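Computed from a predicted model, the values in this text were never measured in an experiment. Heavy-atom basis, side chains included; hydrogens, waters and symmetry copies ignored.
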Amino acid sequence: MKILVLADKESKYLWDYFDKKKLEGIDLIISCGDLAPQYLSFLATFSHAPVLYVRGNHDVCYEATPPDGCIPIDDKIYVHDGIRILGLGGSMEYKYGGAACQYSEEAMKKRIRKLKRQLKKNDGIDILVTHAPAYRINDSEDLAHTGFSCFKTLIEQYKPKYFLHGHVHINYGRDFVRESTYQETTIVNAFERYIIEI
């Protein structure tokens, strides 16, 4: 299965210079957040592949304008052709008093605890999709871009084939890593666009 993963920046290659052939052979599209809902709707319109998404810390507009034709996977396991995909959007809470799509470590742990029944029923996951990275795995030092420790625990416990995230942009310089490995899991920063196969 060929999967197009996206995050944080709308790809001019796909949007401004669109050619339907660029999506040929893509079986699934996954957004890791912080993308305009119109962009995801555009991809859903011109692709035969389902478009799944989690919300990023800047996706507060999704409440009023959700991406048309796309499937939200926050706080659930979505199964596509036998591939079990878990979504957990949002980032570390960095605004005083909190904000939509921002969570403390404890709040994210609580979201994961609520998924225990789904995780057991599906016998684990193949792909973990988040917006923020895991703690000290390709995250940054500042609070806004610090990853969640509970994502690391989730990877250690369920050993997904892939962990897909965004939030750490390529223009951040030395902090950007496109692909790495933690234990048995391949970690991919989906900034702009990237293709994986499973």
Side-chain angles (χ1 to χ4, degrees), residues 3-10 28-41 43-44 49-81 83-95 98-122 124-135 139 144-155 157-158 160-168 185 187-191 194 196 198:
I3 303 172
L4 173 64
V5 296
L6 315 161
D8 302 298
K9 180 182 178 184
E10 292 77 18
L28 187 63
I29 299 172
I30 299 176
S31 167
C32 295
D34 281 356
L35 292 169
Q38 298 83 356
Y39 175 61
L40 297 183
S41 299
L43 292 173
V51 178
L52 313 181
Y53 70 90
V54 295
R55 291 171 58 179
N57 56 304
H58 297 299
D59 289 331
V60 292
C61 68
Y62 281 27
E63 292 294 331
T65 314
D68 289 331
C70 302
I71 303 164
I73 60 167
D74 264 310
D75 302 309
K76 64 181 78 165
I77 295 175
Y78 180 87
V79 181
H80 179 76
D81 287 348
I83 304 297
R84 303 157 299 171
I85 305 163
L86 170 61
L88 288 163
S91 74
M92 186 65 74
E93 185 176 45
Y94 59 90
K95 286 192 177 177
C101 304
Q102 293 182 25
Y103 303 88
S104 65
E105 179 73 34
E106 193 51 48
M108 188 60 78
K109 281 182 187 175
K110 186 176 180 181
R111 289 174 70 190
I112 292 170
R113 282 195 298 269
K114 288 181 178 179
L115 291 163
K116 291 292 183 186
R117 184 175 290 167
Q118 284 188 63
L119 285 160
K120 186 174 181 180
K121 179 184 172 186
N122 287 280
I125 52 173
D126 301 296
I127 301 175
L128 173 59
V129 178
T130 68
H131 179 62
Y135 183 70
D139 64 349
H145 296 92
T146 296
F148 289 97
S149 293
C150 53
F151 290 170
K152 204 171 183 180
T153 304
L154 203 53
I155 292 167
Q157 187 171 357
Y158 293 100
K161 174 77 175 161
Y162 281 101
F163 169 43
L164 311 175
H165 71 85
H167 198 48
V168 180
T185 301
I187 299 165
V188 174
N189 185 329
F191 178 80
Y194 195 67
I196 63 168
I198 188 169

Participant: After noting the C-alpha distance and the side-chain angles of His131 and Asn57, does the key distance pass the side chain to side chain donor-acceptor pair (under 3.5 Å) rule?
Facilitator: CA-CA 8 Å; His131 179 62; Asn57 56 304; 2.9 Å; yes

Participant: Tell me the closest heavy-atom pair linking Ala49 and Leu28, and the distance in Å.
Facilitator: CB-N, 3.6 Å

Participant: Which atoms form the tightest heavy-atom contact between Arg111 and Asp74, and what is the distance?
Facilitator: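 Nearest pair, atom of Arg111 first, then Asp74: NH2-OD1, 3.3 Å.
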
Participant: Donor-acceptor pair, His167 side chain versus Ala144 backbone, under 3.5 Å?
Facilitator: yes

Participant: Mind checking ring pair (Phe, Tyr, Trp, His ring centres under 6.0 Å) for Tyr158 and listing every partner two or more places apart, or none if nothing turns up?
Facilitator: none

Participant: Using every non-hydrogen atom in the two residues, find where Cys70 and Ser41 come nearest and quote the distance to one decimal.
Facilitator: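 That would be SG-N, 4.1 Å.
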
Participant: With no hydrogens and no angle check, is any side-chain donor or acceptor of Gln118 less than 3.5 Å from a backbone partner on Ile77?
Facilitator: yes

Participant: For a quick check under 3.5 Å, do Asn189 and Tyr194 share a side-chain donor-acceptor pair by atom type?
Facilitator: no

Participant: Stepwise, does the salt bridge (Lys or Arg N to Asp or Glu O under 4.0 Å) test hold for Lys9 with Asp34?
Facilitator: CA-CA 7 Å; Lys9 180 182 178 184; Asp34 281 356; over 6 Å; no

Participant: What pair of heavy atoms forms the shortest contact from Pro160 to Thr185, and how long is it?
Facilitator: O-OG1, 2.6 Å

Participant: Sequence neighbours excluded, which residues qualify as salt bridge (Lys or Arg N to Asp or Glu O under 4.0 Å) partners of Asp126?
Facilitator: Arg84

Participant: Would Phe151 and Tyr135 count as a side chain to side chain contact (heavy atoms under 4.5 Å, CB included) here? Give the steps.
Facilitator: CA-CA 7 Å; Phe151 290 170; Tyr135 183 70; over 6 Å; no

Participant: Taking only residues two or more places apart in sequence or in another chain, which ones pass side chain to side chain contact (heavy atoms under 4.5 Å, CB included) with Glu105?
Facilitator: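 Scan of Glu105 (side chain to side chain contact (heavy atoms under 4.5 Å, CB included), adjacent residues dropped) gives Met92, Lys109, Phe148, Ser149, Cys150.
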
Participant: Does anything in residues 57-73 form a salt bridge (Lys or Arg N to Asp or Glu O under 4.0 Å)? List the pairs, not counting sequence neighbours.
Facilitator: Arg55-Glu63

Participant: Just wondering, do Ile127 and Leu86 contact through their side chains at under 4.5 Å, heavy atoms?
Facilitator: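 In short, these two side chains do not touch, never coming nearer than 4.5 Å.
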
Participant: Just jot down the side chain to side chain donor-acceptor pair (under 3.5 Å) partners of His165, sequence neighbours excluded, or say none.
Facilitator: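 Per chain and number, His165 pairs via side chain to side chain donor-acceptor pair (under 3.5 Å) with no residue.
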
Participant: List the steps, then state whether side chain to side chain contact (heavy atoms under 4.5 Å, CB included) holds for Val129 with Leu88.
Facilitator: CA-CA 6 Å; Val129 178; Leu88 288 163; over 6 Å; no

Participant: Answer yes or no: is there a donor N or O on one side and an acceptor on the other, between the side chain of Gln102 and the main chain of Lys95, under 3.5 Å?
Facilitator: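 Confirmed, Gln102 side chain pairs with Lys95 backbone.
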
Participant: Output all residues satisfying ring pair (Phe, Tyr, Trp, His ring centres under 6.0 Å) with Tyr162, sequence neighbours left out; order by chain, then residue number.
Facilitator: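 Checked Tyr162 against ring pair (Phe, Tyr, Trp, His ring centres under 6.0 Å); zero matches.
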
Participant: Under the criterion side chain to side chain contact (heavy atoms under 4.5 Å, CB included), which of Ile3, Asn122, Ile73 is the partner of Ile85?
Facilitator: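 So the option named by the test is Ile73.
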
Participant: Quick one: salt bridge (Lys or Arg N to Asp or Glu O under 4.0 Å) partners of Arg113, sequence neighbours excluded?
Facilitator: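 Arg113 satisfies salt bridge (Lys or Arg N to Asp or Glu O under 4.0 Å) with Glu106 once adjacent residues are dropped.
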
Participant: Among residues at least two apart in sequence or on other chains, which ones pass side chain to side chain donor-acceptor pair (under 3.5 Å) with Tyr103?
Facilitator: none

Participant: Identify the heavy atoms of Pro66 and Pro37 that sit nearest to each other, and give their distance.
Facilitator: C-CB, 4.2 Å

Participant: Atom CD1 in Ile196, atom CD1 in Ile30: separation rounded to 0.5 Å?
Facilitator: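 Output value for this atom pair is 6.0 Å.
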
Participant: Applying ring pair (Phe, Tyr, Trp, His ring centres under 6.0 Å) as the test, list every pair that has at least one member in residues 59-81; sequence neighbours left out.
Facilitator: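 Qualifying pairs, neighbours excluded: Tyr53-Tyr62.
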
Participant: Search all heavy atoms of Thr130 against all heavy atoms of Cys32 and return the closest pair with its distance.
Facilitator: O-CB, 3.4 Å

